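The first residue in the sequence is number 1, and the count goes up from there. Just so you know, these numbers come straight off a predicted model, no measurement behind them. Quick note: numbers below take in every heavy atom, side chains included, and nothing from hydrogens, waters or symmetry partners.
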Amino acid sequence: MTPPAEPLPVHRRRALRIRDQGELVAAIPAVLGFHPRESLVLMATVGGTLPGATGPSGRRLGLTLRADLPPPEHPDYPEHAELVVASAVRGLLLDEPVAAIAVVVSESGHPPGAPPHPAVATAVASAFDARGVPLQASMWAERTTGGARWACYDPCGCAGVVPDPAATPFLATVVAHGRVVHADREALGALVAPADPDVLRRRERRLVRAVDGVLDTVDLAAGGGGDVPDPAVLDPGAGVRAVDAAIADAAAGRLALADDRVVALALALGVDEVRAAALRRCAGPHAAAAEQLWAALARETPDPEAAVPATLLAVSALLRGDGALANVALDRAEAAWPGHAFAGVVRRAVGLHPSAVREMVTGGGR
């Protein structure tokens, strides 16, 4: 399930009106960061004074969750649908919604008289009703691209065609604010996919030699006894300066990751003090450049050390409300280093509102 996402970072939102159900469907990829397929998308509509994207009621769009649809051919399809819906609804309630919107995105055939996946729509309606949250809209769309059909599950029988998302004010604004919309989740995964295997093996060998060199130095300094510190940069200050220099290069558009630099940054991020400083950079004035660096290092660093920049990327994504990228980055981290503690902490935070994540980061939590 994709964790909560927001249309725009809180500090950069502006009032945007979504005029009808078709525009609402067209807005989904801008919120998630990709075009979902065979998915249940739940959107909170909330009160309060913060401006944001608004629907026909004038309410603000809040958190958004996506979950895979259960296959209709599953023998326990209705029960499976209820489990999927219950999990998604619990996540959405974190935003204390005034109401909710549910969109089933599926290219399943449209049966006569009703949209597909009625068991999912029924489970969604029952779950929100049990929690006293009105369901503002319950819809089906075959895709989130322009020209796709949509229809309401409600007796109103409303139906139509999704407008071209690129022509809607909502998408134009979020793209102008830096949000990239990917073709699908697989395209999003390419952002953190490991680089050329030969390059990574070469860097792994250099990293092993560097770690061995640090261990040898520490052993000699300690006279061959005592506890050995973490095999990483001995001067945390130098490590922080190396990270900051790389972020500055990313901000200036000149980031280059040669072997020496990748190895040095991998060693630096293995030090607690450096990793804590890097975490704070996720919410700092150069957060966008830091996110660019984490993504590049997630691709260019050999395993298992790639887990740290991949997890930092997940934090950066959560701070922007980009739940899809956060999940993809954490998958990369956990594949690189199963059971990594830092990744585990961030995985437990994916259900939190971005403002809560920001408070944790700026408070220095790891």
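Listed here is the closest heavy atom pair of P302 and L207: CG-CD2, 4.2 Å. Contact record, L330 with A314: CG-CB, 3.6 Å, taken as the closest heavy-atom pair. Residues A307 and W337 share a closest heavy-atom pair of CB-CB, 3.6 Å. In terms of heavy-atom proximity, P118 sits nearest to P115 at CD-O, 4.0 Å. Closest approach of V357 and A349 over heavy atoms only: CG2-O, 4.2 Å. Smallest separation of non-hydrogen atoms from C282 and A287: O-CB, 3.2 Å.
Taking the side chain as every heavy atom from C-beta outward, R261 and D249 approach each other to under 4.5 Å. Contact annotation: the side chain of H35 never approaches that of I28 to less than 4.5 Å [non-hydrogen atoms, C-beta and beyond]. Looking at R280 and T362, their side chains never come closer than 4.5 Å, going by heavy atoms from C-beta outward. Taking 4.5 Å as the limit, every side-chain heavy atom of P97 sits out of range of all side-chain heavy atoms of T45. V315 is listed as a side-chain neighbour of V361, based on a closest heavy-atom distance under 4.5 Å. Contact annotation: the side chain of P354 never approaches that of L318 to less than 4.5 Å [non-hydrogen atoms, C-beta and beyond]. Residues L191 and L325 are in side-chain contact: their nearest non-hydrogen atoms beyond the backbone lie under 4.5 Å apart. Side-chain contact check for V89 versus F128: some heavy-atom pair is nearer than 4.5 Å.
For the atom pair L257 CG and L293 CG, the distance stands at 6.5 Å (nearest 0.5 Å). Considering CG of D244 and NE2 of H286, their distance stands at 8.5 Å, rounded to 0.5 Å. Atom CD of residue Q21 and atom SG of residue C158 lie 5.5 Å apart, to the nearest 0.5 angstrom. The structure places CZ of R320 at 4.0 Å from CD of E291, a figure rounded to the nearest 0.5 Å.
With V243 as reference, L265 is the one residue of L265, L297, L312 to meet the side-chain contact (heavy atoms from CB on, under 4.5 Å) rule.
The closest donor-acceptor contact from the side chain of T311 to the backbone of F342 lies at 3.5 Å or more, if one exists at all. Although no hydrogens or angles enter the test, the distance criterion places a donor-acceptor pair under 3.5 Å between the side chain of E142 and the main chain of R149. The closest donor-acceptor contact from the side chain of Y153 to the backbone of V104 lies at 3.5 Å or more, if one exists at all. Of the possible polar contacts, none joining the R206 side chain to the D259 backbone as a donor-acceptor pair under 3.5 Å is found. Without hydrogens or angle criteria, S126 side chain to V124 main chain gives no donor-acceptor distance under 3.5 Å.
Sorted by first and then second residue, the salt bridge (charged side-chain N to carboxylate O under 4.0 Å, His left out) pairs involving residues 153-165 (not counting sequence neighbours) form an empty list.
Shown here are the side chain to side chain contact (heavy atoms under 4.5 Å, CB included) partners of A290, two or more places apart in sequence or in another chain: I247, R281, W294. Contacts of E38 classified as side chain to side chain contact (heavy atoms under 4.5 Å, CB included), with partners at least two apart in sequence or in another chain: L69, S106, E107, S108, H117. Applying the salt bridge (charged side-chain N to carboxylate O under 4.0 Å, His left out) criterion to E82, with sequence neighbours excluded, gives no partner residue. When the side chain to side chain contact (heavy atoms under 4.5 Å, CB included) test is applied to A295, the partners found at least two apart in sequence or on another chain are R299, L313. By the side chain to side chain contact (heavy atoms under 4.5 Å, CB included) test, A306 is found to be paired with T301, D303, R332, A336, residues two or more places apart in sequence or in another chain being considered.
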Passes side chain to side chain contact (heavy atoms under 4.5 Å, CB included), E273 versus V240? Steps please.
CA-CA 8 Å; E273 295 91 336; V240 172; 5.8 Å; no
Evaluation steps, side chain to side chain contact (heavy atoms under 4.5 Å, CB included), between D260 and R203:
CA-CA 8 Å; D260 287 347; R203 290 172 178 171; over 6 Å; no
Please step through salt bridge (Lys or Arg N to Asp or Glu O under 4.0 Å) for the pair D198 and R201, ending with a clear verdict.
CA-CA 5 Å; D198 291 336; R201 281 192 292 269; 2.3 Å; yes
Show, in sequence, the C-alpha distance, side-chain angles and deciding distance for R143 and V162, and conclude whether the side chain to side chain contact (heavy atoms under 4.5 Å, CB included) test is met.
CA-CA 8 Å; R143 294 180 306 279; V162 178; over 6 Å; no
If you apply the rule side chain to side chain contact (heavy atoms under 4.5 Å, CB included), what do you find for E305 with L269, and how did you get there?
CA-CA 9 Å; E305 286 80 7; L269 291 172; over 6 Å; no
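Note on V199 and V192: separate hydrophobic clusters, where clusters join Ile, Leu, Val, Met, Phe, Trp and Tyr whose side-chain heavy atoms are under 4.5 Å apart, directly or indirectly.
A salt bridge links R347 to D331: at least one charged side-chain nitrogen sits closer than 4.0 Å to a carboxylate oxygen.
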